[in-house]
Number of protein chains: 2
Amino acid sequence: MTAVACCSPLQGAPLSAEDAQTLARTVKALADPTRLRLVSLVAAHGGEACVCDLTEPVGLSQPTVSHHLKVLVDAGLMTRDKRGVWAYYALVPGALADLARVLSTP
Amino acid sequence: MTAVACCSPLQGAPLSAEDAQTLARTVKALADPTRLRLVSLVAAHGGEACVCDLTEPVGLSQPTVSHHLKVLVDAGLMTRDKRGVWAYYALVPGALADLARVLSTP
DNA sequence: CGAGGGGATCGACGGATGTCAATGTCTGCG
DNA sequence: CGCAGACATTGACATCCGTCGATCCCCTCG
């Protein structure tokens with residue numbers, strides 16, 4: 001639901017239990033090979049793709065793909081835009097970069 | 001066991017099923033609030049800590065902490081160095097940065 | 001050598017998770 | 001209106017995962 005926890009250095013001060021849980025929820029959304037492929041496919045598809053574009057490349061059923069996309073949307077990593085019959089999924093612009101910055105603060 | 005898959009852009013070309021599985025194994029190691037706290041605690045402890053330093057802050061049993069640390073070591077994110085009676089865990093220098101770079105290639 | 005302590009491993013259990021088939025919902029078209 | 005297609009939701013099932021108590025290993029010190 002919420003975007004990436006954009007204020008936790010991870011290195012530096014120890015994470016509180018709450019911050020750890022929040023950050024883990026985002027990381028968990030990416031901790032699945034299918035969801036990583038979906039992110040990669042959407043990015044390579046011009047930043048936007050509908051479910052019908054993704055079902056065949058990942059080789060899973062349509063409900064399963066739909067479920068994974070929902071997980072990514074709930075984690076704040078993707079957006080869903082329903083236009084007509086199709087639902088277009090797109091990456092949230094800074095989300096992955098924010099997460100990356102939280103993981104490795106130099 | 002192996003370090004972070006340091007050659008997958010994630011954005012750009014679509015991930016293969018094998019690359020996705022490899023990357024997911026690393027991300028999965030961080031997809032737990034306890035393990036995120038352990039990484040954070042070790043980093044804040046001067047980059048090195050023994051199990052006895054970590055058990056009390058996370059509030060879990062010693063076997064559980066030991067299990068989580070093993071997961072992090074197996075993922076290539078930490079190293080284990082047994083000196084005398086104590087086992088010192090430390091972050092692998094570039095591991096988190098490598099992972100962050102894979103997640104958000106500009 | 002025997003005792004003590006730090007840590008790893010084992011076995012078990014409950015909850016979370018990925019997957020699919022079946023079904024429901026909504027949109028556009030004839 | 002009625003049908004077909006694109007997605008979402010539900011229910012069920014198998015599996016994985018985090019956690020703990022009990023136990024085992026190994027090092028150090030009397």
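Given the structure is predicted, the values throughout are model-derived calculations rather than measurements. Here is the naming used below: chain letters follow the sequence lines, and residue numbers restart at 1 for every chain.
- Annotation: the span from B/Leu91 atom CG to A/Gln11 atom CD amounts to 6.0 Å, rounded to 0.5 Å.
- Considering NE2 of A/His67 and CG of A/Leu60, their distance stands at 11.0 Å, rounded to 0.5 Å.
- One finds the NZ atom of A/Lys70 at 8.5 Å from the OH atom of A/Tyr89 (value rounded to the nearest 0.5 Å).
- Of the listed nucleotides (D/dC7, C/dG7, C/dC20), C/dG7 has the atom at the smallest distance from the side chain of B/Trp86.
- Of the candidates C/dG7, C/dT19, D/dT9, the closest approach to any side-chain atom of A/Thr64 belongs to C/dT19.
- Between B/Leu10 and A/Leu96, some side-chain heavy-atom pair lies under the 4.5 Å cut-off.
- Following chains of ILVMFWY side-chain contacts shorter than 4.5 Å, one cannot reach B/Leu103 starting from A/Val92, and the two form parts of different hydrophobic clusters.
- With C/dG7, D/dG18, D/dT9 as the candidates, the nucleotide lying closest to the side chain of B/Arg80 is C/dG7.
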Apply side chain to side chain contact (heavy atoms under 4.5 Å, CB included) to residues B/Gln21 and B/Leu23 and explain how you reach the verdict.
CA-CA 6 Å; B/Gln21 196 128 12; B/Leu23 181 54; over 6 Å; no
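- Among the nucleotides C/dT9, D/dC20, D/dT9, the one closest to any side-chain atom of B/Leu60 is D/dC20.
- If you chain together hydrophobic residues whose side chains sit under 4.5 Å apart, B/Leu99 and B/Val71 never meet in one group.
- One atom, CD of A/Glu56, and another, C1' of D/dA6, lie 16 Å apart when rounded to the nearest Å.
- Regarding A/Leu69, its CG atom lies at a distance of 14 Å from the C1' atom of C/dG18, rounded to whole Å.
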Can you give me the N/O atom pairs linking the protein to nucleotides 14-16 of chain C at distances under 3.5 Å, or say none if there are none?
none

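- At whole-Å resolution of the value, CG in A/Asp81 and P in C/dT27 are 14 Å apart.
- As a whole-Å value, the separation of B/Asp53 CG from C/dG5 P is 18 Å.
- Within residues 30-38 of chain A, no residue has a heavy atom under 4.0 Å from DNA chain D.
- Considering NE2 of A/His68 and CG of A/Leu36, their distance stands at 10.5 Å, rounded to 0.5 Å.
- Rounding to whole angstrom units, NZ of residue A/Lys70 and P of C/dT25 are separated by 17 Å.
- B/Tyr88 does not carry B/Arg80 over the face of its six-membered ring by the limits of under 6.0 Å from the centre and within 45° of the normal.
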Quick tally for nucleotides 21-30 of chain D: nucleotides whose base has a protein heavy atom under 4.0 Å get B, sugar-phosphate-only ones S, the rest -, giving BB----SS--
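- A/His67 comes within 4.0 angstrom of a base, heavy atoms only.
- Within the model, atoms NZ of A/Lys28 and CG of B/Leu30 stand 11.5 Å from one another, a figure rounded to the nearest 0.5 Å.
- In this structure, B/Tyr88 reaches neither bases nor backbone, as no heavy-atom distance under 4.0 Å exists between it and the strands shown.
- Here the straight-line distance linking atom CD of A/Glu18 with atom OG1 of A/Thr22 works out to 8.0 Å at 0.5 Å rounding.
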